[in-house]
Amino acid sequence: MVEGRFVALLGMGHWGRNIFRNLLEMGVLGAVCDVDEGVCGELRKNYPSLRCTSSLEEVLADFSLQALVIATPAATHYELAQKALLSGKDVFVEKPLSLSVKEGQDLVEIAREKGRILMVGHILHYHPAVKKLKELVRGGTIGEIRYIYAHRLNLGRVRTEENVLWSLAPHDFSLVLSLAGKEPLRVVAFGGAYLQKNIEDTVCVNLEFEGNLKAHVFASWLHPFKE
């Protein structure tokens, strides 16, 4: 186990609290940063020795905090990750890395120039079932893959900033690309925005790879059954 409280957590929302618990158990959590002062009040009450602040600048200026975990809304990922990398921090950012290819490429370049770690939280890659599946694929046990499909469906949680593709499908795209072992030659996507203008609630994406391998991803937060 790594020693020292050198990690700062940015964001104590729905998923941030899961990360908080794990960082605390690992003994590496040095500070929590959240814009909600009520969050800090709660933490000071339950964890008196834990530092909490609403100031990102304070965290970025602290050289004892070597890494920053970003668990904030997706629309803020690029700006926050960029600031953290430029300040010399290693960065773990929850998916999606950003909401545009250009922003994602920019973060990768900054991390490379600064010699810092930039990691996206594709948690499913570490699930025992997925690790076993990859082992079977790599070892040729299940033969040549011809088709991959992924369904991520539920009734809720509806997002107001990013659409369902950016919110749910990154998990599935990361696994499809890993299992395929290559980039797609062609991608076709279509979706429907029913609850909010310009924010798709249902998305279907078809991918075609070299070697006649095909895949599709179906994601929706308007589906009557959870899958």
Side-chain angles (χ1 to χ4, degrees), residues 2 4-47 50-62 64-100 103-104 106-108 110-111 116-127 130 152 154 156-175 199 219 221:
V2 181
R5 298 184 178 185
F6 62 91
V7 180
L9 171 62
L10 183 57
M12 276 286 286
H14 174 72
W15 192 250
R17 291 182 179 271
N18 291 327
I19 297 175
F20 170 82
R21 184 184 69 252
N22 283 279
L23 292 176
L24 204 62
E25 291 176 357
M26 293 169 65
V28 298
L29 185 61
V32 172
C33 181
D34 196 287
V35 294
D36 185 350
E37 283 290 352
V39 168
C40 283
E42 177 187 344
L43 289 179
R44 293 186 186 109
K45 178 181 178 181
N46 296 323
Y47 305 93
L50 182 63
R51 176 178 160 202
C52 186
T53 178
S54 60
S55 172
L56 175 62
E57 288 70 27
E58 179 184 330
V59 171
L60 296 181
D62 188 339
S64 69
L65 298 171
Q66 303 168 29
L68 184 65
V69 175
I70 299 175
T72 57
T76 66
H77 286 183
Y78 172 70
E79 180 183 358
L80 296 175
Q82 182 191 53
K83 288 182 177 180
L85 290 169
L86 290 174
S87 71
K89 311 288 188 191
D90 292 325
V91 175
F92 175 96
V93 57
E94 272 305 330
K95 58 83 188 167
L97 174 61
S98 66
L99 294 182
S100 80
E103 290 178 350
D106 186 42
L107 292 178
V108 170
I110 294 173
R116 307 318 308 173
I117 295 171
L118 173 63
M119 181 177 179
V120 185
H122 291 307
I123 190 171
L124 288 184
H125 286 277
Y126 306 95
H127 191 287
V130 172
R152 191 167 298 274
N154 201 7
R157 306 171 54 215
V158 177
R159 300 287 185 173
T160 58
E161 294 177 318
E162 75 272 24
N163 63 26
V164 70
L165 184 145
W166 288 107
S167 180
L168 300 183
H171 284 307
D172 303 301
F173 287 123
S174 69
L175 294 183
I199 299 181
W221 56 44

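Residue numbers run from 1 in the order of the sequence given.
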Checklist entry - Going through the checks in order, is the side-chain contact (heavy atoms from CB on, under 4.5 Å) test met by Phe20 and Tyr47? => result CA-CA 12 Å; Phe20 170 82; Tyr47 305 93; 3.7 Å; yes

Item to check | side-chain contact (heavy atoms from CB on, under 4.5 Å) between Val69 and Leu10, intermediate numbers included | outcome: CA-CA 6 Å; Val69 175; Leu10 183 57; over 6 Å; no

Checklist entry - Going through the checks in order, is the side-chain contact (heavy atoms from CB on, under 4.5 Å) test met by Phe92 and Leu118? => result CA-CA 6 Å; Phe92 175 96; Leu118 173 63; over 6 Å; no

Item to check | CA sep, side-chain torsions, deciding dist, call: Val91, Met119, side-chain contact (heavy atoms from CB on, under 4.5 Å) | outcome: CA-CA 6 Å; Val91 175; Met119 181 177 179; over 6 Å; no

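Contact record, Val59 with Ala8: CG1-CB, 3.7 Å, taken as the closest heavy-atom pair. Nearest heavy atom pair, residue Arg5 against residue Gly27, reads CG-O, 3.8 Å. Closest heavy-atom contact between Glu162 and Trp221: O-CH2, 3.5 Å. For the pair Pro170 and Lys95, the tightest heavy-atom approach, listed with the atom from each and the gap, is CB-CD, 4.0 Å. The two residues Val39 and Met12 make their nearest non-hydrogen contact at CG1-CB, 3.8 Å. The shortest heavy-atom contact between Ala84 and Leu60 is CA-CD2, 3.8 Å.
In this structure a side-chain-to-backbone donor-acceptor pair under 3.5 Å is present from Asp90 to Ile117. Side-chain N or O atoms of Asn163 include one that pairs as donor or acceptor with a backbone N or O of Trp166 at under 3.5 Å. With hydrogens and angles disregarded, no donor-acceptor distance shorter than 3.5 Å links the side chain of His171 to the backbone of His122. Ser98 contributes a side-chain N or O that, together with a main-chain N or O of Gly104, makes up a donor-acceptor pair within less than 3.5 Å. Formation of a donor-acceptor pair under 3.5 Å by the Asp62 side chain with backbone atoms of Glu58 is not found in this model.
Under the 2.5 Å cut-off for SG-SG separation, Cys40 and Cys52 qualify: their sulfur atoms lie closer than that.
To the nearest 0.5 Å, the span separating CZ on Phe6 from CG on Leu29 amounts to 10.5 Å. Of the inter-residue distances, the one linking Ser54 atom OG with Asp36 atom CG reads 9.5 Å to the nearest 0.5 angstrom. Taken from NE2 in His77 to CD in Gln82, the straight-line distance is 14.5 Å, to the nearest 0.5 Å. Distance CG/Leu23 to CZ/Arg21: 10.5 Å, rounded to 0.5 Å. Here the OG1 atom belonging to Thr76 is positioned 10.5 Å from the NZ atom belonging to Lys83, to the nearest 0.5 angstrom. Note that CG of Leu65 is 11.5 Å distant from CG of Leu9, once rounded to the nearest 0.5 Å.
Side-chain contact between Tyr78 and Leu99: absent, with no pair of heavy atoms (C-beta onward) separated by less than 4.5 Å. With contacts defined as side-chain heavy-atom distances shorter than 4.5 Å, the pair Glu103/Glu79 does not qualify.
More than 12 heavy atoms of other residues, nucleotides or ligands shown are found within 6.0 angstrom of CG on Leu86.
Salt-bridge formation is detected for the pair Glu42/Arg17: a Lys NZ or Arg NE/NH1/NH2 atom is positioned less than 4.0 Å from an Asp or Glu carboxylate oxygen.
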